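Read through the structure below, which is laid out as structure tokens, and then see the notes.
These numbers come from a predicted model, not from an experiment.
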Amino acid sequence: MASDEDLRHMAAQCTDRCLITTSKWLLEFLVALPTPPPPSKSQPLAPADLAEDDTYTLARLYFMDKEYCRCVHQLSSCQGPRASFLRDYAQYMEGEKTRVLKSTRTTDGEKVFQPEHFPNDQLNDLAAVLEPRCDTGASPTPDPFALYLYGVVLKALDQRPKAITILRSAIERCPWLWCAWLELVSLCESPEQLTALALPEGHPCHAFFRARVLLELHSDQALAAATRCQEMAPTAPASLLAVADAYYENGDYEQARGWYERLYTHHPYCLAGRDTYSNILFVSRDAPTLSMMSAQSAQLWPDQCETHFVLGLREYGGLSVVAAVNILGEWWWTALLVFLWLASRFPDLLRQVNGACVSCAPVVQRFVEWLGWALPGNYHSLENEHPKALAAFQKALNINPRCVSAWTLLGHEYLELRNTAAATQAYRRAIDINPRDYRAWFGLGQTHELLALHPDALAYYRHAAALRPDDPRMWAALGSCHEALINDREALLDYDRSLRCALGIPAGPLAEDDDIQTDPLTLWGRADRPPAEQEAAEALFASSTEAALACQRLARLHQRLGHPHKAALYHARVVSAMAAEPQSAPDAESLLYLGRYNLQEGLLEEAEACCARLLKWAGPEREEAEALLHQIAHSRPSEPRR
């Protein structure tokens, strides 16, 4: 393992070369070590770098001010390795800046990032310049920073094998060069390739790199790898974030939320991970916390991608409060609570006040408008907030065009607005950036299924299922497509796999009659299971919407295929998990089917109980249940008269 002093020296070198993200990561890791060593005297510069120090300092200021062309021109005559790297890096950043400008169009005064892909026009020139400097034959000790930049250029040119070799060389010469490790993450396509890279495994960066790769590959080992990172540096932001992301990837939102909150307790002004944390709050329907976080983000980081991501989720769920901070200052939350209480007592208050203030002073009108934005839940769903969410995600992409989550959610928004062409472009852009993002593949499947292009949707869902084989939603979507294509055997397999994933049961084989050999409900409710374990399994089924959905679809499919006993088994499981009365049309359907089935089997008491639960249901199943109850009454043997 490299010494801590090497870590400090590498952070200084990265800062000197404007690799701010890597420098920050290294110093956060150093500060989080249990006993960081005291700093020693800095290592001297190379003679060529020392002679060019004043010119380099001025060029560095140009770079930090994003005047990349001036930086390149200032360093045009410099020969030192430090100045050569910054010159090439500035040329690369100028190409990125031009690429973003080409990809941005202006609509109604707002810059909107377009999904089309525009390449960096500096890549070929940079490759020609960097190749001789990174040739180990010509130079036995090439600059590791130049190797890193050359690897980035090769990766952008889609020369993946050569990029892997160059980045490995950079890491071997400078193991603390975290940015080189990060570039390798997206180049690792399997755990086997991760092992075959033969990187320095004893180094701390390797532990974080391994955790990141396993997380990207959706591996079961990601949580253990992230925990190892957290043990090395218990309070480092990267360590806490790795564990939180691993729990989030496993679907354990409660644990993930706990680790994110632990991260923000130690680092309250840390922006990393807030986009994922806002996803958890959105799924949990925690409106107050999401609103508070959106307000804080808008105050502290108004121009950051993650802020607009959070605001987009807030608008997506109808949870808007951020304008309050700019209007009212610190006492906005009290005003919100008072207004929420008034609105709950007088539902038409908001609309009446807003209508009365049309001709009022602008400040009053802005105040009333803010109260409307602040009101969470059903009010904003009535007002249809999807265009606002769309604008927020587009602002996030203007700031960071490579934010995969923003592209994916932008696709979701377009899909909500039934703009399938724009949704497809957004999902494809997300896949271009990260082909392992299952959400984008799943979104493409939904888009094509909406267009009734089921063969194409099937292909996209298969990609998503390959990336997330333990996610029941992927298999349910595959089953829906196979069912639409009248491929009942495959649909049965997909729904069966979905149910097994929801219940944590391994996939099972097929019997010769093309039916499932051992259905998951039989395995799940086996007699040898201890009572406590069975109670936990019952609670899991009752809380799993995916399991109930899979049971309902399996029941309907078995009905259509003429398997009444199998259909009754799955309908009975749906009924056992529902409340006393049906809450949805599928619940009523299951009760009605069981009523008919039990009547045919002569189980009059069970049939009557199922039909009686439908008497308060408002759907058409109620009339059929009443008819069945009359039939049951006539089927009972009459009592003999005395």
Taking side chain as C-beta onward, heavy atoms only, is [X] less than 4.5 Å from [Y]?
{"X": "R210", "Y": "Q221", "result": "yes"}
{"X": "L182", "Y": "R212", "result": "yes"}
{"X": "E490", "Y": "L493", "result": "yes"}

Inset, instruction - Give the ring-plane orientation class for H558 versus Y570, where under 30° counts as parallel, over 60° as perpendicular and anything between as tilted. - result: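 Ring orientation of H558 relative to Y570: parallel.
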
Please check if the side chain of [X] supplies one atom and the backbone of [Y] the other of a donor-acceptor pair under 3.5 Å.
{"X": "T195", "Y": "P191", "answer": "yes"}
{"X": "N598", "Y": "L594", "answer": "yes"}
{"X": "Y264", "Y": "R274", "answer": "yes"}
{"X": "R257", "Y": "L281", "answer": "no"}
{"X": "E249", "Y": "L223", "answer": "no"}
{"X": "N250", "Y": "D252", "answer": "no"}

Inset, instruction - Identify, with sequence neighbours excluded, every residue that meets salt bridge (Lys or Arg N to Asp or Glu O under 4.0 Å) alongside R428. - result: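 R428 satisfies salt bridge (Lys or Arg N to Asp or Glu O under 4.0 Å) with no residue once adjacent residues are dropped.
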
Pairing donors with acceptors under 3.5 angstrom, does anything connect the side chains of [X] and [Y]?
{"X": "N434", "Y": "E216", "answer": "yes"}
{"X": "H571", "Y": "E589", "answer": "no"}
{"X": "Y495", "Y": "E483", "answer": "yes"}
{"X": "D245", "Y": "Y260", "answer": "yes"}
{"X": "E449", "Y": "H454", "answer": "no"}

Legend entry - With sequence neighbours excluded, residues passing ring-ring contact (aromatic ring centres under 6.0 Å, His included) with Y427: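 With sequence neighbours excluded, Y427 shows a ring-ring contact (aromatic ring centres under 6.0 Å, His included) to H412, given in chain and number order.
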
Inset, instruction - Give, for atom CD1 of I431 and atom OG1 of T408, the distance between the pair rounded to the nearest 0.5 Å. - result: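 Nearest 0.5 Å value for the CD1-OG1 distance: 8.0 Å.
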
Inset, instruction - May I ask you to check whether over 12 heavy atoms, not counting those of E254, lie within 6.0 Å of atom CD? - result: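 It does not: E254 CD has 12 such atoms or fewer within range.
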
Legend entry - E623, CD atom: more than 12 neighbouring heavy atoms under 6.0 Å: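 Open: at most 12 neighbouring heavy atoms sit under 6.0 Å from CD of E623.
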
Inset, instruction - Salt-bridge test for E621 and R613: reply yes if a basic N is under 4.0 Å from a carboxylate O, no otherwise. - result: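 No.
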
Inset, instruction - Over all heavy atoms of both residues, which pair between C610 and L591 is shortest? Give the atoms and the distance, please. - result: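 What the structure gives for the nearest pair is CB-O, 3.6 Å.
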
Legend entry - All pairs passing ring pair (Phe, Tyr, Trp, His ring centres under 6.0 Å) where residues 460-479 contributes a residue, at least two apart: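 Pairs touching residues 460-479 that pass the test: W441-H463, F442-Y461, H448-Y460.
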
